[in-house]
Every structure is written in C-alpha cells, then in structure tokens.
Amino acid sequence: MPDRPEIVCICGSTRFVDEMRAANRDLTFAGVIVVAPGEADELITNEQQAALHALHLRKIDLADRVLVVNPGGYIGESTSREIAYAHATGKPISFTDPV
C-alpha cells in the first residue's frame, strides 16, 4: 500500500476538454492525484504538439492507472496510441463510457 494517494492519468480527445476537467475535479475531490493533458488556448505548432504527446506518455509513466474520457465511446487516434502505450507498460485502463 503506497504512502501517497493514487495517481491517475486522464487521457482523451481534446474535443472533450469539459468532460476531462469534470473528471479531474471529481477525482481530485476523491483524494486522487490527477495528471491530465496539457491545454492550449491557441493553435500550436507541429513541434509543440509532438512535444505534448511525448510529455503525456511520461505522465502515463507516473500514473498508477489511466482513465480514458470517451463520451459516446469515441476514441481518437492520439488517445488510441496512449491506450496502447499504457497497455504495453502494464497500466490498468478504465473508460468513462463503454467502447
């Protein structure tokens, strides 16, 4: 049993930013440490996007488990890669909606 709260990494499409924020809030109030995708209010370059994707994989490394926010069962290309990475590294994965 760890001496710290559980760490959960949220994954999901940026189209679900509001749902990811709600999941972050709910988990935080439940005593969970949350790591979530970075957000940008403006368009970002391809290099910045690649850096954010790489950083998110490191966030998955830090987490005890992954929560995929997927309203309606939607999972995009980037999220699919993150799920595959989490699976390959042995992280438990759960989903907000059935897939």
Restricting to non-hydrogen atoms, name the atom on [X] and the atom on [Y] that form the minimum distance, rounded to 0.1 Å.
X	Y	value
P71	E19	CG-CG, 3.8 Å
R65	S94	NH1-OG, 3.4 Å
C11	M20	C-SD, 4.1 Å
T79	S13	OG1-N, 3.5 Å

Should [X] and [Y] count as side-chain neighbours, where that means a heavy-atom distance under 4.5 Å?
X	Y	result
V17	E39	yes
V35	I10	no
R58	D61	yes
E82	I60	yes
I33	V8	no

Is [X] reaching over with its side chain to a backbone N or O of [Y], donor-acceptor style, under 3.5 angstrom?
X	Y	answer
K91	A63	yes
N70	F95	no
K59	P37	no

Problem set entry | Contact list for residues 22-33, test side-chain hydrogen bond (donor to acceptor under 3.5 Å, both in side chains), sequence neighbours left out | N24-T28

Would you compute the distance between atom [atom1] of [X] and atom [atom2] of [Y] and round it to the nearest 0.5 angstrom?
X	Y	atom1	atom2	value
I75	I83	CD1	CD1	4.0 Å
L67	C9	CG	SG	9.5 Å
L57	L52	CG	CG	11.0 Å

For this session: Please say whether more than 12 non-hydrogen atoms of neighbouring residues, nucleotides or ligands are located less than 6.0 Å from CG in L62.
Result: yes

Exercise. So with a 6.0 Å cut-off around NE2 of H87, is the heavy-atom count from everything else above 12?
Worked result: no

Problem set entry | Hydrophobic cluster membership, I7 vs L27, 4.5 Å side-chain cutoff | no

For this session: Show the numbers, then the answer: is there a side-chain hydrogen bond (donor to acceptor under 3.5 Å, both in side chains) between D97 and Y74?
Result: CA-CA 9 Å; D97 285 42; Y74 177 84; over 6 Å; no

